[in-house]
Amino acid sequence: MSSVTIQNPGASLEAIQHHYDVSNEFYKLWLDRACTYSSALWEEGDTLDTAQLRKIDFHIENSRAKGVDRVLDIGCGWGSTLDRLVDKYDVRQAIGLSLSETQTQWIRDRKNPQIQVHLESWSEHSPTEPYDAIISIGAFEHFAKLHQTSQQKIAGYREFFQRCHQWLNPGSYLSLQTIAYGNSKPEDFSEFMANEIFPDTDLPRLSEIVEACEHLFEIVTLRNDRACYERTCRAWLANLKQNREAAVRLVGEETVARYEKYLQVSIVGFYSGKLVLLRMALRRLDRPYRPLKRRQG
Amino acid sequence: MKTETSQTKTAPSAAEIQTWLVDYLAEALEIDAKEIDPEVPFQDYGLDSSAAVTLTGDLGEWLDRELDPTLLVDYITIKQLSEYLGSTEEMVL
């Protein structure tokens with residue numbers, strides 16, 4: 001079940017750590033209680049906490065992970081999905097991948113014997129046994145570098161889908177959530193986002209994802225929940241403003257101002273539709289496409 | 001509710017907001033204010049979402065009002081934005 005390690009085609013370890021290793025305490029000031037750092041799934045009457053839980057449950061159901069043996073979470077953040085899988089969905093073993101040292105340490109410190117976490121990229125991952133479901137929330141955004149051509153991006157994404165295909169048992173699902181370019185092109189985005197917030201990273205377009213997974217996975221459901229991400233960013237910004245003094249004490253004025261601006265720019269992006277939030281259920285194609293052999297004569 | 005000690009300040013009119021925006025954009029682009037057409041979309045002056053957020057923040061500070069960062073998505077020219085803000089004094093959040 002192992003795979004050859006290839007060079008990570010996406011954002012580097014340094015780039016990921018630039019964003020995610022600011023400080024756990026800082027993120028705890030403005031994220032939900034479980035520190036879920038991706039768009040929530042909002043319904044009437046939700047708080048940020050309940051909407052984040054709804055999102056996690058959505059992906060667990062989307063990936064058909066309930067009661068299965070082994071589930072992989074690619075880009076597991078602070079482990080809120082891993083916890084939910086073993087605590088509420090009777091999953092025997094939940095395995096998380098993260099490129100953030102503070103995140104992996106945070107999960108290891110909780111010492112749950114059913115949860116494993118690896119400080120590695122999907123491209124370095126070599127499981128010894130197959131998985132029954134894969135979830136990836138808010139990681140795909142980092143799988144391509146800025147200034148790659150669309151074809152280069154698709155090749156990198158396809159490598160990711162090939163790995164997932166290889167690791168999954170027949171008939172299993174991958175539940176994917178990612179930000180993507182919507183009514184926009186990469187050049188519409190400011191240097192602020194590229195340099196200050198997500199260095200070394202380029203977002204996917206839906207068409208690139210579709211092309212990359214063709215003949216490996218079939219798309220079962222696809223949602224664009226950009227309004228959910230706008231609302232999530234508004235909730236985060238409100239929390240950060242409410243806890244501003246504590247945040248400045250932790251990370252300094254400049255970092256707090258940078259995050260406030262990043263959240264505001266994201267709100268504008270999702271509100272205007274320049275950015276979209278894709279949620280996809282992908283079913284493994286157990287017999288990937290092979291060309292028809294025509295008989296001669 | 002204003003206290004007796006607070007200063008009563010009249011909110012800027014649409015025309016004053018327009019002048020502020022024209023001067024702001026001219027300074028940011030390092031061009032003469034006369035070259036700014038209030039009816040040309042911000043986007044055509046090269047204002048990306050990051051610059052738009054900064055502008056909205058600076059404008060809110062000047063107006064002493066909390067402005068939503070998405071304002072420039074719906075009010076796409078100086079004229080539209082200043083007319084909207086000149087006609088509303090409530091907090092726009």
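Bear in mind that the values here come from a model prediction, so they are computed numbers and not experimental data. Letters go in sequence order (proteins before strands), and every chain restarts at 1.
Contacts between residues 266-273 of chain A and chain B, defined by a heavy-atom separation under 4.5 Å, are made by A:Ile267, A:Val268, A:Tyr271, A:Ser272. Listed in order of number, the residues of residues 12-19 of chain B that approach chain A to under 4.5 Å between heavy atoms amount to none.
To the nearest 0.5 angstrom, B:Thr56 atom OG1 is 8.0 Å from A:Gln264 atom CD.
No more than 12 heavy-atom neighbours from other residues, nucleotides or ligands sit within 6.0 angstrom of CD on B:Gln43. The number of heavy atoms from other shown groups lying within 6.0 Å of CZ (A:Arg205) does not exceed 12.
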Decide yes or no on salt bridge (charged side-chain N to carboxylate O under 4.0 Å, His left out) for A:Arg234 and B:Asp68, but give the supporting numbers first. CA-CA 10 Å; A:Arg234 285 185 187 278; B:Asp68 195 281; 2.7 Å; yes

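Of all non-hydrogen atoms in B:Ser49 and A:Val265, the two that sit nearest each other are OG-CG1, 3.6 Å.
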